[in-house]
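So that the names make sense, note that chain A is the first sequence line, chain B the second, and so on, each numbered from 1.
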Amino acid sequence: MKKRKIDISNLQPLIALFLMAVAMTILSENFATKDNLFNVARQISVNVCISVGMTMVILTGGIDLSVGSILAFTGAIAAGLFKNGIEMQGMNLYIGMTLFGVIWIALAAGAFLGWFNGFMITKFKVPPFVATLAMLTIARGLTMLYTKGFPITQLGDQFNYIGTGWFLGMPMPVWISIFVVSLAAFFMNKTRTGRYIYAIGGNERAALLSGIKVNKVKVVVYMIAGMLCAIAGLLVTARLDSAQPNAGGGYELDSIAAVVIGGTSLSGGKGSIIGTVIGAGIIGVLNNGLVLLNVSPFWQQVIKGFVILLAVVIDKFNTKGE
Amino acid sequence: MKSKKLILCIIGLLIISQFIFSCSKSNNNVKKIAVVISTLNNPWFVVLGETAKKRAVELGYETVIFDSQNNPSKETEHFDNIIASGYKAILFNPTDAKGSVANVKAAKKAGIPVFCMDREIDANDVAVAQILSDNYSGCVLLGQYFVKKLNGKGNYVELLGLVGDNNTWNRSKGFHSVVDNYPDLKMVAQQTGEFDRNKAMEVMESMLQAHQNIDAVFCGNDAMAMGAYQAVRAAGKEGEIMVFGFDGAADVVDAIREGKIEATGMQFPKTMAKTAAEYADKYINGERNFQQKIPVAVELVTKENVGNYVAFGKAE
């Protein structure tokens, strides 16, 4: 019974995505081409990575507003270290960085900022909205300090391969997001910690009383979210061949939209990773389609807002009916 | 236990505040100049602000940069603080032509002269002088070069900046004042890249799918030109589609040298910032005779003359 319910809530956004894709195919002959579909897949891969983490956070009943800033910070750190290495003039020492080295450092930096979010939320009982709002400006400020306000560019083909390369006929960012999604779906459905995340969001007190280490799980969730932002940061940086100090502004809204459109409840406990991926797909198709149809930029914003509303209203309507 | 922690916290805060206080305590004999910049989230404005500060310091002033974060109400707070703490002049890059007028009026009322840099305010009698980048004429030059490169015919797309920003439309209008006279030059799409490299790349990727035969793209700033170039390159159309930018940013100057980007409009933030600082110094020393608007010409940078330029200005 419970299994069936999850399937139904997954179906809703999928139908919406399908209808949109059909409509776009009719309206624009350039939509359903192989090139363009890869294009859309590549464009949503950044949002998918962020939104997978956001889904977990929202499932616990929290929220993460700091994703865009963490993305910018980790991207800048990776680009800066890869390009310039670490120079210690006092000791006449220069440490160069390999690509794998900077990837690990970026992931660790993302995990650390996420840990700090989780620590503030669980240890000092700062509401997630406030703790991550603070991190939004802290991480942005750190990015500005590190880059001095200038983009770090010309990173070379090796680094850019992460964002612009192809592997077995598919763009690298698409592979990376498929990997992230499969891992996350497995984690959420097949591991004990994954089930605990649902339990905490469903009823935190009950979870606590049944012996789940709620705080520990929450910290882990924010750390995962931070690491996924780091992956997204590497993707954005590699795609642009540039770490922009103002990268990722407004990404928290895109990813919350993807999560909500995908049928995850903002009050926690109910939702799925796959739903979020479909939500990100809907936003991606919309962004791409409105440009293909050359809709005026003013109207695009209005239309996007209404689509978010519509998705949530339909979802609410359906859950009430059950 | 709890109270012990609290006391420790308070002591910590006191120590920190002491530190900050002692840092910001200023020598009363030194005259102070404030630099208020619309946003430090963009290298172009960082250069504008840092150059203004540097020149003011050279002229013997203590100088502080304030970041308005593109937010007119934050700008108002900065002005309140500046007026309250006895600055002698403000070198000002407004967030909004209309929204910033009240701030400048307040400073004038308090006897603090304001010198606008790069962006203008919608009033001719409140700032002492306005040293402005001539966006419109710069884009007329770019438009003329654009027509020449395309031999007056072809399909092009335009990437606008933020659609709520004056400069976006000044640049677009300047460009179209020339290009629209050529009926064989067709604009097949006009979209916004929000002055952002990533956004511009994604929009360009989609436009490349929608239109198979684009010959050129005109971008309202250099960040968008770099983004558009990345999209063109990824689509394997490098060399087929000409990219035009505006600003004179470092990577675009390099890209023009390498033939990746056709042209940009070079603005001179350093010249504007230095002039503003020098005017402020003259004002403080008694000079009162200033022209209200001083336009700083934007120069066309192409492969032919790129050797004369570096990022944000002329090669020395």
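For the residue pair A/Asp241/A/Asn160, the side-chain donor-acceptor check at 3.5 Å is satisfied. With hydrogens and angles left out, the side-chain atoms of A/Asp254 and A/Asn47 include no donor and acceptor closer than 3.5 Å. For the residue pair B/Asp247 and B/Gln267, a side-chain donor N or O sits within less than 3.5 Å of a side-chain acceptor on the partner. One side chain, B/Ser73 or B/Asn71, offers a donor N or O that lies under 3.5 Å from an acceptor on the other. Side-chain polar atoms of B/Asn70 and B/Thr95 form no donor-acceptor pair below 3.5 angstrom.
Contact annotation for B/Ala234: neither backbone nor side-chain heavy atoms come within less than 4.5 Å of a heavy atom of chain A. In this structure, chain B has a heavy atom under 4.5 Å from the backbone of A/Leu290, while its side chain stays farther away. Contact of B/Glu205 with chain A is made through backbone and side chain together, with heavy-atom distances under 4.5 Å. Of the two parts of A/Gln43, the backbone and the side chain both hold a non-hydrogen atom closer than 4.5 Å to a non-hydrogen atom of chain B. In this structure, no portion of A/Val40 lies under 4.5 Å from any heavy atom of chain B. Looking at A/Glu29, there are no atoms closer than 4.5 Å to chain B (heavy atoms on both sides), in backbone or side chain. Interface residue A/Arg42: only side-chain heavy atoms are found under 4.5 Å from chain B. In this structure, the portion of B/Gln212 lying under 4.5 Å from any heavy atom of chain A is its side chain and not its backbone. For A/Thr153, the part lying near chain B is the side chain, with the backbone staying farther off; criterion is any non-hydrogen pair under 4.5 Å.
Annotation: B/Phe175 is in aromatic contact with B/Phe218 [ring centroid separation under 6.0 Å]. Taking the centre of each ring, A/Trp166 and A/Phe38 come in below the 6.0 Å mark.
Ranking A/Arg140, A/Lys148, A/Arg239 against chain B, the residue ahead of the rest is A/Arg239, based on heavy-atom pairs under 4.5 Å. Of all the listed residues (A/Leu293, A/Asp35, A/Thr164, A/Thr33), the one sharing the greatest number of non-hydrogen pairs under 4.5 Å with chain B is A/Asp35. Chosen from A/Asn30, A/Leu240, A/Val291, A/Asn36, the residue pairing most often with chain B at heavy-atom distances under 4.5 Å is A/Leu240. In terms of non-hydrogen atom pairs under 4.5 Å with chain B, the most contact-rich of A/Ser242, A/Pro151, A/Gly289, A/Gly249 is A/Ser242. Counting heavy-atom pairs under 4.5 Å between each of B/Ala231, B/Ser206, B/Ala249 and chain A puts B/Ser206 at the top. Contact count versus chain A (heavy atoms, under 4.5 Å) is highest, among B/Arg197, B/Glu202, B/Gln230, for B/Arg197.
The backbone N or O of B/Val188 sits nowhere less than 3.5 Å from a side-chain atom of B/Asn155 that would complete a donor-acceptor pair.
Side chains of B/Asp196 and B/Met201 form no contact here, defined as non-hydrogen atoms less than 4.5 Å apart.
The structure places CG of B/Asn198 at 13.5 Å from CE of B/Met226, a figure rounded to the nearest 0.5 Å.
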